[in-house]
Asks: 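Quick one: this structure, given as structure tokens, is what I'll be asking you about.
Sequence lines set the chain letters: A, B, ... in the order given, protein chains first and strands last, and positions in each chain run from 1.
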2 protein chains.
Amino acid sequence: MAIADDSTGESPQVDRDHVQSLERGIAVLLAFDEEHPEPTLAELAQITGFSRPAVRRFLITLERMGYVRGSGGRWSLTPRVLAIGQHYTASHALIELAQPHLLRLAEETHESASLATLDGDDVVYVARVPVRRIMSINVSVGTRVPAHATSMGRVLLAWAPVPVVDSVLNRRPLRPITPRTVTDPSALRAELARVRADGWSIVDEELELGLLSASAPVRDRTGQVVAALASSTSAGRSSRGELERNVVPLLVETAERITADLGRR
Amino acid sequence: MAIADDSTGESPQVDRDHVQSLERGIAVLLAFDEEHPEPTLAELAQITGFSRPAVRRFLITLERMGYVRGSGGRWSLTPRVLAIGQHYTASHALIELAQPHLLRLAEETHESASLATLDGDDVVYVARVPVRRIMSINVSVGTRVPAHATSMGRVLLAWAPVPVVDSVLNRRPLRPITPRTVTDPSALRAELARVRADGWSIVDEELELGLLSASAPVRDRTGQVVAALASSTSAGRSSRGELERNVVPLLVETAERITADLGRR
DNA sequence: GTCTACTGCCCGCTATGCGTACAATCTGAT
DNA sequence: ATCAGATTGTACGCATAGCGGGCAGTAGAC
């Protein structure tokens with residue numbers, strides 16, 4: 001057994017397998033956000049906690065790579081940054097393959113269609129055809145929402161390996177997002193069992209009041225659930241019953257079609 | 001004036017402002033693509049040209065940060081990678097702000113609506129509402145296309161600073177993408193002048209046969225053109241004349257509305 | 001079984017990246 | 001104008017972070 005992993009606290013012995021500069025450089029890149037869209041060097045140093053010369057080196061490196069641009073003492077991200085995410089998309093055939101199915105689903109239901117994957121406790125949208133703005137937040141590819149309060153999360157958890165489910169459910173109290181969010185672990189486990197039995201999930205105003213969504217599993221060729229397909233609408237425009245009657249069959253059929261496409265390559 | 005920039009080749013004097021490990025680490029991340037969706041350590045070393053121990057260090061660092069996952073000797077990207085691009089989106093208010101306008105434009109025209117920015121010689125899609133699949137490639141946020149052959153590129157170049165235009169147009173022969181692509185620099189400059197006069201651009205099958213698109217400028221509060229709004233259709237479904245009559249007015253109006261929204265914050 | 005090709009890891013060396021310290025520059029107040 | 005008081009840019013000596021050659025351990029191929 002290795003002595004490594006977490007230090008017991010005293011040995012100043014450093015971690016030979018960790019590249020500090022990579023982590024720091026990415027931290028600098030991520031320091032750009034809504035609150036700091038055009039930070040100065042000093043601001044970035046303050047946000048990240050690194051020395052100014054260090055931040056400057058990272059910025060110059062990133063600038064040479066085309067990810068940031070500096071002018072007039074202020075720095076900003078370039079659209080090149082978006083290309084990084086493309087590598088995720090490109091390396092997962094599922095996503096490109098699902099696109100036409102999402103388009104068709106959106107067209108037939110007149111509602112937004114989404115495809116998402118599990119990452120930690122969150123569901124991450126990996127493909128999307130928006131139709132109307134229904135959620136208060138602007139959902140785009142890459143957006144994360146808590147798994148336990150969404151139909152896509154329920155679908156992904158329903159067929160996820162036990163340790164994954166445990167790590168999400170046994171986490172410090174599940175956060176209630178709206179008054180209707182189910183936060184009791186055993187109630188959620190029962191719900192997951194029901195999803196498994198039905199083959200789909202509907203979640204009604206648990207992520208956001210007025211938001212209603214249905215979801216079905218997409219599988220890879222080994223039968224493992226790798227993504228969830230969803231259709232979302234507003235509680236005003238539809239209802240749980242209507243969704244179940246009109247949308248769920250189409251949703252399940254579309255998910256199965258994506259699964260089939262994924263299998264035959 | 002600094003002695004730095006490009007070395008004349010012989011001085012082994014290193015660049016103190018360049019962080020090697022950051023550049024290498026990102027190179028490892030970018031080595032994942034369509035052809036190498038689940039590479040092994042050795043493959044990555046071969047692709048990047050770094051030693052295996054080095055690649056391993058980067059992978060472990062990236063794994064700890066949640067960007068890659070290793071299992072069974074194969075490594076893959078996690079959806080966390082998509083979060084990096086979100087920082088670009090979040091730091092540019094324009095994008096979120098334009099979203100509802102894109103949705104409305106798409107709904108009213110029944111065609112895909114896009115917003116794009118210039119980066120080097122390329123146009124980069126920064127927001128998009130797809131309606132139907134028209135292009136052979138799958139366009140998503142982050143996708144790059146050559147500026148000279150697209151309506152969005154023409155709009156962005158029409159109002160771009162002279163050195164930017166020169167750097168795009170005087171580049172080694174403009175690549176013809178289809179037989180109809182305009183590649184003569186002076187013809188293009190004339191076209192840019194026309195775009196400037198009209199206030200919009202239509203490009204007809206220059207990027208891809210059968211593809212037809214119209215575009216109008218979006219400005220920031222200083223009047224500078226910061227993005228192009230476009231509506232794309234297929235040559236079968238519409239025509240240049242029809243586009244000019246029915247779509248362009250709506251397009252220009254929508255672009256002006258985005259400009260106005262952008263101005264008042 | 002042997003062979004091959006991979007990953008995991010150790011470890012000494014030095015180039016790399018570090019931050020302190022100082023110069024240059026800009027901004028606004030007096 | 002002149003001068004604080006804030007910036008950012010740069011130099012440089014030092015510690016160490018990161019480097020890769022090399023080897024042990026492991027898994028699959030035949």
Asks: So, R52(A) and E43(A), do they make that salt bridge, N to O below 4.0 Å?
Replies: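 Looking at R52(A) and E43(A), the cut-off is not met.
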
Asks: Would you mind reading off the bend of the helix from dG1(C)-dC30(D) to dT30(C)-dA1(D) from its two end axes, five pairs each, to 10 degrees?
Replies: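 Its terminal axes enclose an angle near 40°.
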
Asks: May I ask you to check whether S140(B) and Q99(A) show a side-chain donor-acceptor distance below 3.5 Å?
Replies: no

Asks: Using 4.0 Å as the upper bound for N to carboxylate O, is an ion pair formed by D166(A) and R189(A)?
Replies: yes

Asks: When you check the phosphate oxygens OP1 and OP2 of dT7(C), does a side-chain N or O of R56(B) lie under 4.0 Å from one of them?
Replies: no

Asks: With 3.5 Å as the limit, what N/O pairs link the protein to nucleotides 4-8 of chain D?
Replies:
residue	atom	partner	partner atom	Å
dT8(D)	OP1	T40(A)	OG1	3.2

Asks: Heavy atoms within less than 4.0 Å of DNA chain D: which residues of residues 25-38 of chain B have one? Give them sorted by number.
Replies: none

Asks: State, to 0.1 Å, how close S201(A) and V195(A) come at their nearest heavy-atom pair, and which atoms those are.
Replies: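 So the minimum-distance heavy-atom pair works out to CB-CG2, 3.7 Å.
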
Asks: Out of dC19(D), dA17(D), dT20(C), which has the shortest distance to the side chain of F58(B)?
Replies: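 Per side-chain heavy atoms of F58(B), the pick is dC19(D).
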
Asks: Are more than 12 heavy atoms from other residues, nucleotides or ligands located less than 6.0 Å from atom CD of Q46(B)?
Replies: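 Not more than 12 within 6.0 Å, no.
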
Asks: Hey, does the side chain of R24(B) come within less than 4.0 Å of dG18(D)'s phosphate (OP1/OP2), counting only N and O?
Replies: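 It does not, given that no N or O in the side chain of R24(B) lies less than 4.0 Å from OP1 or OP2 of dG18(D).
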
Asks: Identify which nucleotide among dG20(D), dC19(D), dA17(D) has an atom closest to any side-chain atom of Q20(A), counting heavy atoms from C-beta outward.
Replies: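 Between dG20(D), dC19(D), dA17(D), the one nearest the side chain of Q20(A) would be dA17(D).
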
Asks: Would you mind telling me which residue lines up with the more 5' stretch of DNA chain D, I60(A) or S21(A), judged by nearest nucleotide?
Replies: I60(A)

Asks: Write down the distance between NE2 (H18(B)) and P (dT16(C)), rounded to a whole number of angstrom.
Replies: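 One finds 11 Å between P of dT16(C) and NE2 of H18(B), rounded.
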
Asks: Can you confirm whether the side chains of R69(A) and T78(A) place a donor and an acceptor under 3.5 Å from each other?
Replies: no

Asks: Does a donor on one side chain and an acceptor on the other come within less than 3.5 Å for D261(A) and H101(A)?
Replies: yes

